[in-house]
Amino acid sequence: MSHHDFFSTDYATARRKFLAAAAAAGGSTESLPHPLKGIAGEALFTDLAWFGPRDARAVLVTVSGTHGIEGYYGSGCQTGWLAEGRMAELPAGMAMLMIHASNPYGFSWGRRVNEDNMDINRNFVDFDAAPPPSNPAYAEVHDWLLPEDWTDATAAAVQAKMAAYFERVGAKAANHALVSGQHSHPDGIFYGGRQACWSHRTIRDICGRYLAQAKRICVIDFHTGLGPFGYSELICRHAPASEPLRLAQAWFGAAVTSPQMGQSDSPVIEGNLRMGIARFCAPAVTVAINIEVGTLPSPEVRLSVIADNWLHLRGDVFSPQGRAIKAQIRAAFYPDSAGWRDLCYPRAVEIQQQALAGLAGE
């Protein structure tokens, strides 16, 4: 079987492949139902697969579908790990927890966001401790990011305004305004919400039931859409000079980047899922990384997100225009390319192997 066979063309197929591979590998599975339906009327779930002793003190956690449509990549990597028999590489006494489709609604509907138009990777802030972080610069750009209609001329105008904005304020400030997350405009892009969403609550529950005994955890969250085509950057959001960042650098090497230290094109982001897991599982030592696989140039990726946001707020998903926009955002986050999968799938296997070795060595 080719590794291309581990990847799927829709959420329902990806889910079937993952559950079948988990069962064949001898995993203990649990399916957590989402309250809404998918784009084809299918039931939606976040599925879990556990391998190893339930009292394991060291656990590798992999997560797919945090940004919905990016689940095509993450699901393929999880299914492939199982189908290739790599659970045999799990060291004695260690466990692995696979969280498949943490945002099943976005996965099915071909969106980065969830049913509330929330980017769940900006939603994992502690809403009880303090107000969510502010991003006043976003208010300056919001209006032209959500036009009244969407045509080729509109798309060109939005691209021109984005280019002018980047030129005026600089790439760092522009990226922060546009993509770091905002909690003020529910109809905007990269909206982090004002309360914990379904996925946030579900992941918190999973951590309490599956990871309370763990002392050492590594979280790998699978993402796409930033960086050179097919390259896997390992983004680590632990504080500079912290022990988790030191461990990540020791385990994974030079591919690890720190946005806080200016080493990544990704801005500093609050409320991402993997750091939420680290918070939920304290005082365990948690090394949390994001595999970020490059796809298309950033201006094209950003435009696909803006177009999809317009579509779900003001357009018709099932119209010819809707299908075109869906094809656009899919190409931005899951290129239909064997060459792309040839680059990123073997690297994902290697990173998971490095994580197991790192956990075993600590």
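Keep in mind the model is a prediction, meaning the values are calculated, not measured.
Between Y345 and H3, the angle of the ring planes stays under 30°, which puts this pair in the parallel group of the 30/60° scheme. Taking the six-membered ring where the residue is Trp, H142 and H185 present tilted rings, their angle falling between 30° and 60°. Relative ring orientation between H200 and F127 is described as tilted, the plane-to-plane angle lying within the 30° to 60° band. Taking the six-membered ring where tryptophan is involved, the planes of Y210 and W50 are tilted, since the angle between them lies from 30° to 60°.
In this structure, Q354 places its CD atom where more than 12 heavy-atom neighbours from other residues, nucleotides or ligands lie under 6.0 Å away. Within a 6.0 Å sphere centred on CG of D336, heavy atoms belonging to other residues, nucleotides or ligands number 12 at most. At most 12 heavy atoms of other shown residues, nucleotides or ligands fall within 6.0 angstrom of atom CG in D152. More than 12 heavy atoms of other residues, nucleotides or ligands shown are found within 6.0 angstrom of CD on Q263.
Within the 4.5 Å cutoff, the side chain of I220 has no heavy atoms near those of the V63 side chain. Within the 4.5 Å cutoff, no side-chain heavy atoms of I120 are placed close to those of W198.
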Query raised in the report: When you look at M118 and S199, which way does the side-chain contact (heavy atoms from CB on, under 4.5 Å) test go after all the steps?
Result: CA-CA 10 Å; M118 288 184 197; S199 295; over 6 Å; no
Requested in this report: Applying side-chain contact (heavy atoms from CB on, under 4.5 Å), run through I306 and W150 and close with a yes or a no.
Outcome: CA-CA 10 Å; I306 295 166; W150 194 264; 3.9 Å; yes
Requested in this report: Begin with the C-alpha distance, continue with both residues' side-chain angles, and end with the deciding distance and a verdict on ring pair (Phe, Tyr, Trp, His ring centres under 6.0 Å) for Y73 and Y334.
Outcome: CA-CA 7 Å; Y73 159 66; Y334 181 60; 8.3 Å; no
Report task. Could you please spell out the steps behind the side-chain hydrogen bond (donor to acceptor under 3.5 Å, both in side chains) verdict for T154 and D149? Result -> CA-CA 7 Å; T154 305; D149 61 2; 3.2 Å; yes
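A donor-acceptor pair is defined here as one N or O able to donate and one able to accept, closer than 3.5 Å; such a pair exists between the side chain of R314 and the backbone of L146. Although no hydrogens or angles enter the test, the distance criterion places no donor-acceptor pair under 3.5 Å between the side chain of R209 and the main chain of C207. Looking only at distances, a side-chain donor or acceptor of N103 sits under 3.5 Å from a matching main-chain atom of V113. For the pair Q78 (side chain) and T62 (backbone), a donor-acceptor distance under 3.5 Å is present. Between the side chain of H183 and the backbone N or O of R194, no donor-acceptor pair lies under 3.5 Å. In this structure, E115 contributes its side chain and L36 its backbone to no donor-acceptor pair below 3.5 Å. Looking only at distances, no side-chain donor or acceptor of R122 sits under 3.5 Å from a matching main-chain atom of I269. Within the 3.5 Å criterion, the main-chain N or O of L44 finds no donor-acceptor partner in the side chain of R15.
Of the listed residues (K326, Q328, R112), just one forms a side-chain hydrogen bond (donor to acceptor under 3.5 Å, both in side chains) with D308, and that residue is K326.
One distance of note links CZ of F51 with CZ of R86; it measures 14.0 Å at 0.5 Å rounding. Rounding to the nearest 0.5 Å gives a distance of 11.0 Å between CZ of F107 and OG1 of T66. Atom CG of N121 sits about 9.5 Å away from atom CG of N123, to the nearest 0.5 Å.
A donor-acceptor contact closer than 3.5 angstrom is absent between the side chains of H100 and T46. Side-chain contact of D10 with T13: a donor-acceptor pair under 3.5 Å is present, judged by distance alone. Looking only at atom types and distance, the side chain of E292 has no donor-acceptor partner in the side chain of S232 under 3.5 Å away. There is no side-chain donor-acceptor pair under 3.5 Å between N175 and S180. For the residue pair N117 and H312, no side-chain donor N or O sits within less than 3.5 Å of a side-chain acceptor on the partner. In this structure, a donor-acceptor pair under 3.5 Å is absent between the side chains of T286 and R274. Side chain to side chain, H223 and E70 meet the donor-acceptor criterion of an N or O pair below 3.5 Å.
Y72 carries R330 over the face of its six-membered ring, with the cationic atom under 6.0 Å from the centre and within 45° of the normal.
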